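Quick note: residue numbers are just sequence positions, from 1. Worth saying up front: this structure is predicted, and the values here are computed from it rather than measured.
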Amino acid sequence: MGRLCVSGPSRQSSARSGGTMNKNDLIKSIAQSAQISRVTAERGLNGLLSALEAAMKEGQRVTLVGFGSFSVVDRAPRTGRNPKTGETVPIPPRRVVRFRPGKELADKIQ
């Protein structure tokens, strides 16, 4: 599984700094707040990510009340333009993950 990057405060920086929190930072934060070992926190996070991935592969929407929802959206084929040459380039259809923040999360960020 790839590297997870979550926007937010990193280490001891302020909440408004706009730093980046990586997977290791998230594991450390989970371990501290739940008062569990980092190994246990990592297993829990990996389990969550695996469950999200499996559900979205099947096209299911995953909703975490108060946080937000993840869904898979099909993007239609379209034409783009190579910015260097100006040449028209076909962009194939693809499936992408969309995240929509829940009301509580959106309110906390504002």
Side-chain angles (χ1 to χ4, degrees):
M1 190 170 293
R3 204 171 161 97
L4 172 71
C5 287
V6 180
S7 292
S10 178
R11 293 174 181 75
Q12 298 299 323
S13 62
S14 70
R16 298 260 180 210
S17 70
T20 300
M21 176 181 270
N22 63 28
K23 189 174 180 181
N24 285 329
D25 294 335
L26 187 56
I27 290 168
K28 183 179 177 183
S29 177
I30 292 168
Q32 287 175 345
S33 65
Q35 297 179 346
I36 57 177
S37 72
R38 288 175 93 163
V39 171
T40 304
E42 183 174 12
R43 275 194 222 125
L45 180 59
N46 287 339
L48 171 68
L49 295 176
S50 294
L52 286 171
E53 183 181 313
M56 286 187 285
K57 275 185 180 178
E58 294 177 13
Q60 295 177 357
R61 180 184 180 125
V62 178
T63 302
L64 303 172
V65 177
F67 183 74
S69 60
F70 298 88
S71 59
V72 178
V73 178
D74 292 321
R75 285 202 179 155
R78 57 195 169 98
T79 57
R81 196 167 289 280
N82 181 331
K84 194 170 189 178
T85 64
E87 175 186 0
T88 301
V89 179
I91 300 173
R94 44 180 309 180
R95 298 178 73 187
V96 295
V97 175
R98 176 186 291 162
F99 174 73
R100 291 196 131 161
K103 184 176 180 345
E104 289 178 39
L105 178 61
D107 289 345
K108 287 178 183 178
I109 292 174
Q110 299 300 326

Is there a path of hydrophobic side-chain contacts, each under 4.5 Å between heavy atoms of I/L/V/M/F/W/Y residues, joining Ile109 to Leu64?
yes

Would you say Phe99 and Met21 are hydrophobically clustered, going by side-chain heavy atoms of ILVMFWY under 4.5 Å?
yes

Lys23/Asn46 under side chain to side chain donor-acceptor pair (under 3.5 Å): CA gap, chis, key distance, verdict:
CA-CA 10 Å; Lys23 189 174 180 181; Asn46 287 339; 2.7 Å; yes

Side-chain touch [X]/[Y], heavy atoms, less than 4.5 angstrom:
X: Leu26; Y: Leu45; result: yes
X: Val72; Y: Gln60; result: no
X: Pro77; Y: Pro92; result: no
X: Val62; Y: Glu53; result: no
X: Glu87; Y: Arg81; result: no
X: Arg95; Y: Val73; result: no
X: Thr63; Y: Phe70; result: no

Mind listing the closest non-hydrogen atom pair of Pro101 and Leu105 along with its distance?
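Shortest heavy-atom contact: CB-CD2, 4.0 Å.
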
Has the side chain of Ser33 got a donor or acceptor atom that lies under 3.5 Å from a matching backbone atom of Ser29?
yes

When you check the gap from the basic side-chain N to the acidic O, do Arg38 and Glu42 get nearer than 4.0 Å?
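Glu42 and Arg38: not salt-bridged.
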
Rounded to the nearest 0.5 Å, how far does [atom2] of [Y] lie from [atom1] of [X]?
X: Lys108; Y: Phe67; atom1: NZ; atom2: CZ; answer: 10.5 Å
X: Ile27; Y: Arg43; atom1: CD1; atom2: CZ; answer: 11.5 Å
X: Thr20; Y: Asp25; atom1: OG1; atom2: CG; answer: 9.5 Å
X: Arg78; Y: Arg94; atom1: CZ; atom2: CZ; answer: 9.5 Å

Carefully, step by step, assess Arg61 and Ser69 under the rule side chain to side chain donor-acceptor pair (under 3.5 Å).
CA-CA 7 Å; Arg61 180 184 180 125; Ser69 60; 2.9 Å; yes

